[in-house]
Every structure is written in C-alpha cells, then in structure tokens.
Amino acid sequence: MTREGGERQVHEEKGRRIVFFPCPLQGHMNPMLQLATLLHSKGFSITIIHTQFNSPNPSNFPNFSFEPISDGIQETSTKDFMALLIALNIRCEAPFRDCLARILSENKRDSIVCIISDAIMHFTQAVANHLKLPRIVLRPSPPSCFIAFANFPLLRQKGYLPIKDPQSKVPVSELPPLRVKDIPTIDTKNSSEEFDQLIPHMISETLASSGLILNSLDYLERTSLTQIQQDFSIPTFPVGPLHKYSPGSSNSLLTQDPSCIAWLDNQVHGSVIYVSFGSLADMEKQELVETAWGLANSDQPFLWVIRPGSVGGLDCVELPEGFEEKTRGRGCVVKWAPQQEVLAHPAVGGFWTHCGWNSTLESICEGVPMLCWPSFGDQRVNARYLSHVWRVGLELENGLERGEIERAIRRLMVEKEGEEMRKRVKVLKENAESSIRKGGSSQESLERLVDYILSF
Ligand code: UDX
C-alpha cells in the first residue's frame, strides 16, 4: 500500500481484483459502476460480471474486464421489474457461480479479493459462501429505507402492513418521520407476494455479508447511519455521493438526447423546471394529461422527459390538443436526458422528480430544490425526508391534478417558499461536496473500505 497525494492507493502490481455484480436496472447500475470506477482509481483491478439483459457498455469502461453470463430473460422490458428481479435471483445463480469459479481458476496471480454485489441480487451471498470469497453489498438507496425494510416484520406485527389506506398520513411511531403512506412498499402487477419474497432475502443476505456500502453521507443521514451501526453488527461504509467522484463514468441504458442542453442555453437563469420520473416509474394516460396542463398553466419554462413505455405502457404518447400551442417556445420534451448535465445547468431552477435515490442525490449535489411525486419503494421514504426533514422539496400529496400541479410549480419556482428551499439545498450541496474531499466523512469511509478490503 502506498499513499499518493495523501490518499490511499493499492499497488497495481499486487493485482488485487474485485468482482462486481450489478443489478441490471438503471438506478442500480449507475452507483455500482461509479463505485467500481472509484475503487479502480484506488488501484484495484475490476471485473464486472453482468447479465445479458441491460448489459453495460464495455467501451465506456476500457480499464475493466467484462464477463457476460446467460440470464434466460426473454422479456426485454422492465414493466414487471419485481418479477424480473425474482427471476434473475433464480436464473443467474448457476451461471454466476460457474463464471466466478472459472475466473478464480484462471487468475492465480491476480487473485480475487472480494465480490461487491447489489443487495437485491441476494443469491450472490450463497455463491460467495460456496467459493469462500468475502462479499460486500452495495445498497443504492438510503439507509433510512434499509431500516424500514428491515422492520417490515415489526410493521406487519403491529398491523401497518399490509397497508389498508395508501394515502394514510397516520404516523408510524416505530419509524419516525414516516407515515403509513411513506412505508416503502411496491405494488406489483399481480400481488404483494413477490415483494414479500424478495425483501426479507435482501435483508438477511445483506446482514450475512462482510459489509454494507451505502451511497449516502453522514451529514444527510447521521441518525439512520448510527441506527444501522447499532442495530446490525455489520461494517458500514457511507461513501456517497458516488456520482460526484466519477462524473465521467456514464452508463446510460437509453440514448440521452443532448439537444435539450442547447435548448437550456437559451433559457433564463434559474427559470426552468426539469421534469423526469426515472427509469421505472410510470403513469396513466389521464395523469399525463393533468401533468401537461399543470405545466402549461404554470407559465414556467419546462424540460420534460417522457420515457418510452412510461405512459400506459405506450412507446409513443400524444400530448393533449392545444398543449403545444400554449407552451410554444417555453417547453422542451425529450425521451431521455443527460440528467446530471441538465441539473448542473444554470437555467434549471427546480426538479419535479419521482425521488429515486440517484435523482435525489444528483439534485441535492447541484443545489436544485424538488417537487416530489414518489411512485414506489424507497421513493416514498426519500420524498418524506426531502419535504419534512431536509425541507428542500414540496410533496404532491394528492395525486396528479392540473390545478394542484400548477400551484406547486409556482410555489417551487417563483415564491418565497421555493427560495427558502433553494437556500437550504445549497447548504446540503456544500456539505455533500466537502464530504468527499480529503478529511470529509465519505472520503474517510472510502479509505476505511479500501483498508478493509485489503485486510481480507
Ligand atoms: C430505481 C429506484 O426507482 C430508485 O428509487 C432506487 O433508489 C434506485 O433504483 P430509478 O427509478 O431509475 O431507480 O431512479 P433513480 O434512482 O433516480 O435513477 C435514475 C438514473 O437515471 C439517474 O442516475 C439519472 O441521472 C438517470 N437518468 C434519468 C438519465 O440519465 N436521464 C433521464 O432522462 C432520467
């Protein structure tokens, strides 16, 4: 081990190799590849074992080795992603084990020091045990959500689960500041059984692993991080925000439309509301109509991402008649945007988001306040923290209705309330920036992580 520029660095020639196994969904893949890039910069060799479904693009990561495994997934969409995750956990086990065993037998000099896999790919723990390799888990959503998931048996026992009224604002006294509507459940297409099957495995196999890496930071989530350390005896490494270490390590599964940046260049500073609901959330056709008229009537410039398949499962959607005429010159609609670049653009003054954890962190790191419309899972917890704890977001609590949307956009973009949120989010941004600088909490966690991996 050497120190370069005051930072820990592994000797390249030792050839310590880490094998990563990402979950093939955009919001999971991004932080995993960002972490791989970061650990590569610390001198580790990197192998990415990945599914053929949603496979990463090797040419974006010329220094990594890529090993595809067969996953038997026929369906090419993520419409029923819970069923997809369950299928992946079953079908990938044998190919993953065989691939890993082969790499181990081929790389005597270049020994594998550990596996880092996504928490939701829980089968990797059994494979790691079988091959006597340590496994460290990356959980791409926040510690507060991990705690909520781990407490599902208690919530069931106390009668909160299954949720009877999804709009209930009754506080969950066992998990402050959450209310019943903030409990991170996922309504699957068929039943909640799939979810009930996946989450307990995700928690138990994470707790059976050698460590937990979180894409979060002490300043944002000290209470939850302390609680994880107290309640679960597992080494924990909050190293986020990961995307700030390696902004170049892009792995967009959809083609990003750069034309929106040129459009933003012509807009007034801080005037544009950016609207995007991530890679999985969807809406009904009528909700699209309400969204469109809410944006149109707000009189604010907007950049709106309508991902193919995100409205009623349709590849192509029609916006309501008269919408284009009413918004001509102040609206830009794209299928997929270079989101980090968009949020960093000076014209953007607010982000209407589904509160996916990557989107949440990306917005905080650019000092952009949010309009929150959570859809499922951790997004509900994130929206609660954004609006109630950090107070940098405004939650649309009563579904999508044009009048409410219009008022909420104005409150965020032009009223004093939005200005106050903008000031608070700037403080979070500064703290996020200092956390990854030398001596910062995330930087120190990262150094602990490197030492920990080297101790195996
Ligand atoms: C999912 C879950 O929904 C989320 O809550 C969880 O924390 C991670 O997995 P997703 O819904 O896709 O992710 O949301 P999010 O976490 O925000 O990730 C989306 C990623 O896609 C972000 O990194 C964002 O920058 C990127 N993106 C989004 C684009 O590059 N272009 C877009 O137009 C929209």
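As the structure lists them, so they are numbered: ligands from 1, and atoms in each ligand from 1. Residue numbers count from 1 along this sequence. Everything quoted here is computed from the prediction, not taken from an experiment.
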Identify, by atom number and element, the atoms of ligand 1 in contact range of G356, meaning under 4.0 Å from any of its heavy atoms.
4 (C), 5 (O), 14 (O), 15 (P), 16 (O), 17 (O)
Considering only heavy atoms, does S279 approach ligand 1 within less than 4.0 Å through its side chain, its backbone, both, or neither?
both
Before signing off on this row, confirm whether W357 and ligand 1 have an N or O atom pair separated by under 3.5 Å.
yes
protein heavy-atom neighbour closest to atom 26 (C) of ligand 1 works out as W336 CZ2, 4.0 Å
Does CD in E397 sit with more than 12 non-hydrogen atoms of other residues, nucleotides or ligands closer than 6.0 Å?
yes
Shortest non-hydrogen pair, I147 vs S224, comes out as CD1-O, 3.4 Å
So is L25 touching ligand 1 or not, going by heavy atoms under 4.0 Å?
no
Flag S252 as yes when one of its N or O atoms lies below 3.5 Å from any N or O atom of ligand 1, and as no otherwise.
no
Count the heavy atoms belonging to other residues, nucleotides or ligands that lie under 6.0 Å from CZ of R402, then report whether that count exceeds 12.
yes
Closest protein heavy atom (residue, atom, distance) for atom 28 (C) of ligand 1:
Q339 OE1, 3.2 Å
To the closest 0.5 Å, what do you measure between OG1 (T360) and CG (L386)?
5.0 Å
With under 30° as parallel and over 60° as perpendicular, where do the rings of F277 and W373 fit, or are they tilted in between?
perpendicular
Lys/Arg-Asp/Glu bridge criterion (N-O < 4.0 Å) met for K181, E395
yes
Identify, by atom number and element, the atoms of ligand 1 in contact range of Q26, meaning under 4.0 Å from any of its heavy atoms.
21 (O)
Given that the side chain starts at C-beta and the backbone is N, CA, C, O, which of these parts of W304 lies under 4.0 Å from ligand 1, counting heavy atoms, or is it both or neither?
neither
Establish, yes or no, whether a centroid distance under 6.0 Å links the rings of Y452 and F237.
yes
Starting from atom 16 (O) of ligand 1, locate the nearest protein heavy atom and write down its residue, its atom name and how far away it is, to 0.1 Å.
N358 ND2, 2.8 Å
Looking at Q256, which atoms of ligand 1 are within less than 4.0 Å of one of its heavy atoms?
30 (O)
Say whether T124 and S117, considering side chains only, have a donor N or O and an acceptor N or O under 3.5 Å apart.
yes
If the test is side-chain contact (heavy atoms from CB on, under 4.5 Å), which one of V137, L449, L35, I46 qualifies with I116?
L35
Assign the ring pair F302 / W304 to parallel, tilted or perpendicular, where the plane angle (0 to 90°) is split at 30° and 60°.
perpendicular
Under a 4.0 angstrom heavy-atom cut-off, which atoms of ligand 1 come close to N30?
20 (C), 22 (C), 23 (O)
Quick test: of every protein heavy atom, which one is nearest to atom 7 (O) of ligand 1, and how far off is it to 0.1 Å?
D378 OD2, 2.7 Å
Under a 4.0 angstrom heavy-atom cut-off, which atoms of ligand 1 come close to H28?
9 (O)
Tell me the protein heavy atom at minimum distance from atom 8 (C) of ligand 1, and give that distance in Å.
G27 O, 3.7 Å
Closest approach of any protein heavy atom to atom 14 (O) of ligand 1, naming residue and atom:
H354 NE2, 2.9 Å
Give a yes or no on whether a salt bridge exists between E433 and K429, defined as a side-chain N under 4.0 angstrom from a carboxylate O.
yes
For atom 24 (C) of ligand 1, tell me which residue out of K335, H243, E362 has the closest non-hydrogen atom.
E362
Report yes or no: does a heavy atom of F81 sit under 4.0 Å from some atom of ligand 1?
no
Show the atoms of ligand 1 that are less than 4.0 angstrom away from any heavy atom in V305.
33 (O)
If you measure every N or O of Q379 against every N or O of ligand 1, does any of those distances drop under 3.5 Å?
yes
Checking side-chain polar atoms at under 3.5 Å, does H345 have a donor or acceptor matched by the opposite partner on D265?
yes
Does any N/O atom on A337 come nearer than 3.5 Å to any N/O atom on ligand 1?
yes
Enter the distance from S141:OG to L214:CG here, rounded to the nearest 0.5 Å.
8.5 Å
Please state whether the rings of W293 and F323 are parallel, tilted or perpendicular, taking 30° and 60° as the class boundaries.
perpendicular
Should you measure from each heavy atom of S141, which atoms of ligand 1 turn up under 4.0 Å away?
7 (O)
Atom 17 (O) of ligand 1: which of S359, G377, A281 has the nearest heavy atom?
S359
